[in-house]
Amino acid sequence: MSNIQSQRWLINRRHFLRGLGTAMALPLLDAMVPLRASAAATAKPRRSVFVYIPNGVNGMTWQCTKAGRGYELSPSLKPLAKHQEDFTVFSGLHHPNGLGQAHVCADTWLTGAKIDAQGGRKYENTISCDQMMAEVVGQQTRFNSLELSISTGTGQPFNSNTLAFSRDGVPLPADDNPKIIFNRLFGEEVGGIGAQRARLTKRRSVLDAVLDDAKSLRLALGTDDRTKLDEYMHAVRDVEQRTERLDAWLDIPKPVVEKNLAAPFQRDVPKAQAGEYWRTMFDLIVLALRTDMTRVVTYMNGSEGNGLAIPEIQITQARHNLSHHNGDPVVLDRLAKSDAFIMQQFAHFLDELRAVKDGDEPLLDRTMVLFGSGMSYGHSHCNSNLPMLLAGGKGLGLKHGQHLDYNRPHLKEDYTLSYDEWRSLCGKPKDGNARVSNVLVTMLQKMEVNAETFVDSLGPVSEIV
């Protein structure tokens, strides 16, 4: 087969897979069929949600000044006041592999991988924390995980639209339209179950042909092209396994959602109405969790290149522009107002999780929610002192109501909340052991994933377990 024929084959297959509208799911082995009666299936659910904001924050209004319990919330975090005993604020966290990087922050937020966007190295990611969870708890749900974002698809290398990456480091496409997401979760199969099963059978046939052709093609390729083709074949196999999973669940009825609960998701919510759009996405996550359609969710409130303006509070600049403030007090004030507004929407999410009962506990107590960014000081793309907090999960054994400040023991005086101090805190870690991966491995263990370590973690966060 000639090089031109090989290229045409790859292009045609790529277009075919795009046409299927499939997501790159992980191998689940026994999870290809639903688990109906097992200890795992009947155990009380454990859930995790990951909420990402892009481009960092205004640290002068985000940073809490006192550590430990009884601390005072910063202005940006004040909207969360009623939930203060339900979350832990972290200061000083970083990803060792993320230092000095710019727009790969979302790509590595849940993987901790070393991706050098400046050095021209090949883009290679690793499995994300959420997908390690999905491999375990996804066996009991129709969807092993749910990927949501401000933009549909995967985005581009070094500027991702998704937080989720498979075991092969393949990005999993995210959805951004509440109506489409709701219909995928709860809607009837187009044409009925029989028609859907016929479509899945046809899809399997074509995927088998793709894999057979790829095996033949592989023999005619050089080493570099074989590596690229192997990555492509991994993606095809993931699609094939997702197809098997969909087929296995066809005979299991979907939950019936009452009209009053479904109504908000049957209309288009424009992103120009930022607050309503974000709240709708949060409400959709709550609905997916309370109906046990999934137990693992990632949600990008915005990407580094696409953070919403907020006309409701007269913020007409996109978040990326706000983050490049160059110390301008007017722009910094807008960034602070944007931070507080986003936290208001996040507070709404916690309100809803607290209001829904999961047996005799609030849904929030059975759900861990990690909120934060992979960037701290957006103007210079700094990645230390990341703004992060972990909420919920008390029913899983987490202890909250505190500010864990890894900066403070290394500072000579109290916080001044000055511009220069904020910039300094974000430039280089004050504590090299204060790693995001420590938080992630804590969450993995609380989800009963067999993980002693995750990437460069040094152990779970002892203060919250």
Side-chain angles (χ1 to χ4, degrees), residues 51-66 71-81 89-94 98-103 105-106 109 150 159 271-272 274-275 278 300-347 371-389 403 405-408 411 413-430:
V51 181
Y52 185 85
I53 59 171
N55 309 117
V57 297
N58 182 337
M60 294 181 289
T61 54
W62 176 278
Q63 181 69 52
C64 297
T65 58
K66 300 297 182 182
Y71 70 101
E72 183 179 355
L73 289 171
S74 65
S76 294
L77 298 179
K78 281 286 176 65
L80 303 180
V89 177
F90 298 96
S91 293
L93 292 179
H94 69 287
L99 297 175
Q101 299 302 313
H103 291 163
C105 301
W109 194 55
I150 192 69
N159 193 6
K271 294 172 186 174
W278 286 328
M300 292 186 73
N301 161 284
S303 66
E304 256 64 43
N306 184 17
L308 297 183
I310 312 176
E312 295 100 312
I313 56 172
Q314 291 75 53
I315 303 290
T316 57
Q317 292 169 279
R319 190 167 182 85
H320 183 268
N321 294 335
L322 291 177
S323 71
H324 287 286
H325 42 72
N326 197 27
D328 185 332
V330 174
V331 182
L332 283 168
D333 181 62
R334 293 173 186 159
L335 180 59
K337 290 178 179 176
S338 174
D339 294 340
F341 185 85
I342 289 173
M343 298 316 295
Q344 289 171 16
Q345 317 319 308
F346 185 65
F371 179 99
S373 180
M375 193 179 295
S376 50
Y377 177 75
H379 185 68
S380 297
H381 298 154
C382 294
N383 314 95
S384 294
N385 197 36
L386 296 176
M388 295 185 68
L389 64 87
H403 171 209
D405 189 350
Y406 299 105
N407 294 325
R408 190 65 192 88
L411 301 178
E413 55 186 31
D414 291 340
Y415 289 105
T416 64
L417 299 184
S418 69
Y419 182 77
D420 288 340
E421 178 190 60
W422 168 38
R423 186 170 53 181
S424 173
L425 287 171
C426 299
K428 182 180 179 180
K430 299 300 180 184

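Residue numbers count from 1 along this sequence.
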Asks: Quick one: does Ser373's side chain have a donor or acceptor within less than 3.5 Å of a partner on Pro387's backbone?
Replies: no

Asks: As an exercise, state the distance from OG of Ser76 to CD of Gln344, rounded to the nearest 0.5 Å.
Replies: 10.5 Å

Asks: Would you sort out whether Ser323 and Gln317 count as a side chain to side chain contact (heavy atoms under 4.5 Å, CB included), showing the intermediate values?
Replies: CA-CA 10 Å; Ser323 71; Gln317 292 169 279; over 6 Å; no

Asks: Tell me whether the rings of Tyr419 and His325 are parallel (<30°), tilted (30 to 60°) or perpendicular (>60°).
Replies: perpendicular

Asks: Pairing donors with acceptors under 3.5 angstrom, does anything connect the side chains of Arg423 and Ser380?
Replies: no

Asks: Which of parallel (below 30°), tilted (30 to 60°) and perpendicular (above 60°) describes Phe90 and Tyr406?
Replies: parallel

Asks: Keeping the roles fixed (side chain from Lys271, backbone from Ile150), state whether a donor-acceptor pair exists under 3.5 Å.
Replies: yes

Asks: Rounded to the nearest 0.5 Å, what separates atom CG in Leu411 from atom CG in Leu425?
Replies: 6.0 Å

Asks: Can you check whether Asn301 reaches Pro54 side chain to side chain, under 4.5 Å on heavy atoms?
Replies: yes

Asks: Tell me if a side-chain donor or acceptor on Glu421 pairs with a main-chain N or O of Thr416 at a distance below 3.5 Å.
Replies: yes

Asks: Using the side chain to side chain contact (heavy atoms under 4.5 Å, CB included) definition, which of the options Asn326, Asp328, Val331 pairs with His379?
Replies: Asn326

Asks: Calculate, to the nearest 0.5 Å, the distance between atoms CG and CG belonging to Asn58 and Leu322 respectively.
Replies: 10.0 Å

Asks: Is the number of heavy atoms from other residues, nucleotides or ligands under 6.0 Å of Glu72 CD greater than 12?
Replies: no

Asks: Calculate, to the nearest 0.5 Å, the distance between atoms CD and CD1 belonging to Gln345 and Ile53 respectively.
Replies: 12.5 Å

Asks: Nearest 0.5 Å please: distance from the CZ atom of Arg408 over to the NZ atom of Lys66.
Replies: 7.5 Å

Asks: How long is the gap from CG on Asp339 to CG on Leu332, to the nearest 0.5 Å?
Replies: 10.0 Å

Asks: Has the side chain of Gln63 got a donor or acceptor atom that lies under 3.5 Å from a matching backbone atom of Leu417?
Replies: no

Asks: Aromatic rings His403 and Tyr71: how do their planes relate, parallel, tilted or perpendicular, breaks at 30° and 60°?
Replies: tilted

Asks: Taking Cys105's backbone N and O only, do any of them form a donor-acceptor pair with Glu304's side chain (distance below 3.5 Å, no angle check)?
Replies: no

Asks: Keeping Ser74 on the side-chain end and Trp62 on the backbone end, is there a donor-acceptor pair under 3.5 Å?
Replies: yes

Asks: Taking the side chain as every heavy atom from C-beta outward, state whether Val57 and Ile342 have any pair of such atoms under 4.5 Å apart.
Replies: no

Asks: Would the distance check show the side chain of Ser376 and the main-chain N or O of Gly56 forming a donor-acceptor pair, the cut-off being under 3.5 Å?
Replies: no

